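Structure, as structure tokens:
Each chain gets a letter, A, B and so on, in the order its sequence line appears, and its residues count up from 1. Please read all numbers here as calculations on a predicted model, not as lab measurements.
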Amino acid sequence: MGLEKDLYAQAIAEHGRALDRLAAGYEADPDKRRDLRQEIHLQLWRSLQAFDGRCSLKTWTLRVAHNTAASYVIRERRRTAELVSLEEIESTRIGSSQPADIDRDNTLRMLQEIILQLRPLDRQIIISYLEEMDAASIAEITGLSPANVAMKIHRIKKVLAHRIHMEGTHA
Amino acid sequence: MPELPELYEVKAAWISQCNEDAPVDVERLQSKRTWELSAATRSEILGSIVAALFFAVVMAVRFTPERNRLVQAGCAAVVLWALATLFRYRASLRRDRLSAVSLARTGVEHYRQELRRRRDHLRGAWIWHGPLVLACITSAVALSGRIVPRRIWDALPIMLALVVWAGFGIRRRFRQAAELQKEIDRKEDTI
């Protein structure tokens with residue numbers, strides 16, 4: 001019990017803010033997001049009983065958090081029916097462009113709009129990418145091959161660059 | 001595949017977003033959550049079983065003097081089905097609780113497992129609705145027989161409504177299960 005409490009405290013100290021941002025990527029409503037955040041903390045605390053050190057605490061923490069959030073999205077099935085893949089978002093892109101300068105609030109709003117449309121697995125990748133994780137680390141969390149992750153990151157960059165350009169031209 | 005530039009501004013906007021400040025008391029949360037989950041599942045399943053047993057008891061009490069074999073067999077079947085449901089409920093209660101290890105699977109494996117779990121739950125809908133449907137059918141058959149032939153017209157609308165409601169519910173669940181199966185198959189193809 002003492003060990004898992006220490007591990008939990010360490011995980012929250014090191015990755016607590018990342019978990020908050022992760023919850024924001026899975027739920028837009030502030031009240032529901034608070035519940036999801038609590039659920040993530042609860043499942044992380046429970047899971048640490050089985051932490052065996054075969055992966056880093058960071059990988060373990062993010063896996064548990066993403067999996068808990070993915071289960072939440074599946075439970076909210078009515079909304080899941082409207083979710084799309086990265087490939088589908090990319091196929092609606094018009095042309096290709098470089099990012100334009102827009103403010104952070106607009107960028108964040110645009111990011112959340114895109115993320116909340118995505119299916120859970122694609123959300124894991126885009127959120128991990130935004131958290132400055134490399135393809136190998138994302139592959140370790142998701143279970144996809146690094147090549148597959150790299151391809152998806154390429155798509156993410158294209159989609160985000162295009163959306164930012166659109167926001168910039170409309171601003 | 002040409003390498004695209006990193007989107008540092010976008011990442012900075014994501015990282016610098018406002019965070020929640022409210023502390024999380026996980027121990028209190030865990031006991032509350034466990035109680036809520038357990039209570040919700042128990043009430044859903046027991047509600048169905050109690051309704052079926054109520055039907056069976058009413059049938060048995062009302063038709064006992066006639067010693068109608070059909071009614072007796074129907075009531076026995078309802079009771080047996082309810083017991084089987086209870087047995088299954090006890091087993092699935094243990095399985096439904098996410099184990100610590102299962103939460104540390106890779107994202108793909110966990111997502112697939114969750115989809116399967118949900119699919120199996122939806123496919124198992126018959127066992128929750130089954131006793132009630134069986135009780136309705138038994139009542140309808142008994143009432144339409146020689147015992148009280150005129151009562152069937154009084155009871156028919158509500159019985160039909162119950163059967164149709166249960167039928168639609170089961171069909172909807174099976175359709176959702178089929179959609180989940182398609183998603184599971186797609187996931188198998190892409191990994």
From [X] [atom1] over to [Y] [atom2], what is the distance, rounded to the nearest 0.5 angstrom?
X      : Y      : atom1 : atom2 : value
A/I74  : B/R119 : CD1   : CZ    : 12.5 Å
A/R17  : B/S16  : CZ    : OG    : 12.5 Å
A/E132 : B/I15  : CD    : CD1   : 6.0 Å
A/E131 : B/K11  : CD    : NZ    : 10.0 Å

Min side-chain heavy-atom separation B/W14-A/I126 under 4.5 Å:
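Heavy-atom side-chain distance check fails, nothing below 4.5 Å.
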Min side-chain heavy-atom separation A/T107-B/E9 under 4.5 Å:
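No, too far: nothing below the 4.5 Å cut-off.
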Identify which part of A/L130 has an atom lying under 4.5 Å from any heavy atom of chain B, answering side chain, backbone, both or neither.
both
